[in-house]
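The model shown is predicted, which means the values in this text are computed figures rather than measured ones. If you read the sequence from its start, that first residue is 1, and numbering goes on from there.
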Amino acid sequence: MSFKAKSRPARCVMVLGTTSGAGKSWLATALCRWYARQGLKVAPFKAQNMSNNARVVDGGEIGSAQYFQALAANAVPDVRMNPLLLKPERDTHSQVVLMGQVSEALSALPWRGRSERVWPQIAQALDELRAENDVVVIEGAGSPAEINLMASDIVNMRVARHAEARCLLATDIDRGGAFAHLYGTWALLPEADRSLLHGFVLNKFRGDASLLSPAPEKLQALTGVPTVATLPMWWQHGLPEEDGVFDDRSRASGKVTKTVAVIACPRISNLDEFQSLKNVPGVRLVWARSPADVAGADWIVLPGSKHTSGDLAWLRAQGLDGAVAAHAARGGVVLGICGGLQMLGEALVDPHGIDGNAPGLGLLPLVTVFEREKTVRHRAATFGTLTGDWAALSGVPMAGYEIHHGQTAAHPQLAHDGHAVMPEGLAWQNARGNVLGLYLHGLFEDAAVLHALFGAAAPTLDSTFDGLADFIDTHFDAGVLAGLIESA
């Protein structure tokens with residue numbers, strides 16, 4: 001089936017959820033690819049994203065979910081696709097990124113005070129995308145029925161009204177209470193907003209779908225909204241989850257030959273870059289929050305962090321500092337990425353109050369100084385000569401991205417304990433050869449790196465996106481997806 005391009009402005013399809021974790025992000029990604037496969041020009045949009053998973057695009061950074069949605073739509077990722085990004089640093093404070101750039105003024109404002117300040121830029125970004133595309137797939141955040149937040153809403157129904165979007169409301173039926181969640185969300189919405197709901201979606205269903213009746217029919221009688229899809233539980237759809245650690249389950253494809261333990265710090269960032277490890281045969285990925293979680297691991301990875309000194313303090317409080325040091329002393333492999341690299345050094349120095357001062361773990365001879373200006377850029381570089389466990393990366397080119405305030409250099413009195421193994425200090429290795437620190441994100445997303453380290457290739461993103469589109473094409477009621485973009 002194919003469609004002719006619609007007249008402008010674009011038709012907007014919006015994915016709402018009854019809760020966080022209902023499946024909004026991956027469903028929006030699937031819709032982007034499904035509509036793009038109909039020959040339409042498609043763009044994603046999320047007005048406000050709260051996440052420490054970010055990607056570098058032209059003009060700055062956006063949430064990773066919108067980055068992947070853009071790729072699924074065959075579009076060039078753009079800061080307008082996620083005009084407001086909140087990157088939590090503490091429970092009560094986030095760094096605010098507006099149109100790709102950090103805004104210190106907005107970061108200092110109370111949360112409720114920001115909405116009217118940023119709405120004009122959000123609306124403009126959405127209007128521009130609508131003018132340039134046939135379809136805009138919009139993702140909401142959390143729930144649209146949080147009545148304590150409705151007055152300052154800039155991400156759910158205010159966006160839906162502005163875009164005249166046709167909305168799908170998804171719920172996680174695996175958690176239980178799905179029909180109550182759907183009905184309660186509908187009931188708490190103003191009557192005018194209810195008219196924007198065009199379908200309910202039951203996500204993560206396990207079992208016999210015939211047993212759901214008569215609930216969908218009764219729900220439609222109460223609300224006038226049909227249940228348009230029952231999506232089976234799908235553990236391996238291939239995309240990282242938008243919220244939190246994407247998979248607490250430890251799985252491997254085939255016999256386990258290597259266990260990789262990633263330290264799950266409270267302010268972990270860019271965790272989506274580990275998704276590809278789940279698809280490498282023989283690799284078991286573990287999220288570690290205690291010394292017991294790293295026992296028996298072949299590799300320990302310290303990932304990126306939005307608050308390096310805070311996560312380092314947490315790591316020490318859990319006793320993980322000793323566990324990492326003991327692992328390295330035994331010759332175990334340790335990898336630090338961005339904030340993790342900074343933790344592996346001798347010290348964190350913060351003259352501007354950006355992150356915090358702290359002693360490092362002392363596994364690499366480095367000192368990090370936090371600067372006011374944030375480094376946000378794509379980079380391609382080639383590893384130099386590495387030794388020991390990382391020797392396979394010698395001479396391997398890598399494409400990735402940087403997002404960090406810290407600037408790292410060799411400790412002048414400890415240079416003999418390690419050396420740079422990538423130009424401009426992007427990567428460092430200790431003298432023994434088992435500890436590697438890297439500023440570039442995306443190590444395990446690079447095909448050359450995966451082949452060098454594991455002799456394996458992960459599925460391409462295009463195959464993942466096509467699988468998502470095929471999945472919803474199979475499980476949505478016939479004609480629903482096409483109907484959402486047809487003229488009234």
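In terms of modelled atom types and a separation under 3.5 Å, the side chain of Arg166 and the main chain of Val13 share no donor-acceptor contact.
Nearest heavy atom pair, residue Ala399 against residue Asp446, reads N-OD2, 3.0 Å. For the pair Ser152 and Ser115, the tightest heavy-atom approach, listed with the atom from each and the gap, is O-CB, 3.4 Å.
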Check against side chain to side chain donor-acceptor pair (under 3.5 Å), Gln407 and Thr375
CA-CA 9 Å; Gln407 300 299 323; Thr375 299; 3.1 Å; yes
Could you walk me through whether Leu86 and Arg114 satisfy the side-chain contact (heavy atoms from CB on, under 4.5 Å) test, starting with their C-alpha distance in whole Å, then the side-chain angles of each, then the deciding distance to 0.1 Å, before giving a yes or no?
CA-CA 11 Å; Leu86 308 181; Arg114 295 185 194 132; 4.0 Å; yes
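Taking the six-membered ring where the residue is Trp, the centroids of His441 and Tyr401 are separated by under 6.0 Å.
Neither side chain, Gln121 nor Gln124, offers a donor N or O lying under 3.5 Å from an acceptor on the other.
Within a 6.0 Å radius of CZ in Arg117, no more than 12 heavy atoms belonging to other residues, nucleotides or ligands are found.
The existence of a salt bridge linking Asp272 and Arg55 is confirmed by a sub-4.0 Å separation between a basic side-chain nitrogen and an acidic carboxylate oxygen. Note on Glu424 versus Arg379: salt bridge recorded, some NZ/NE/NH1/NH2 to OD/OE distance being below 4.0 Å. Salt-bridge annotation for Asp462 and Arg33: present, with a side-chain N of the basic residue lying under 4.0 Å from a carboxylate O of the acidic one.
When the salt bridge (charged side-chain N to carboxylate O under 4.0 Å, His left out) test is applied to Arg158, the partners found at least two apart in sequence or on another chain are Glu116. For Thr223, the side chain to side chain contact (heavy atoms under 4.5 Å, CB included) test picks out Tyr183, Trp186, Phe200, Leu219, Val225, with sequence neighbours left out.
Relative orientation of the Phe444 and Phe274 rings is tilted, given thresholds of 30° and 60° on the angle between their planes.
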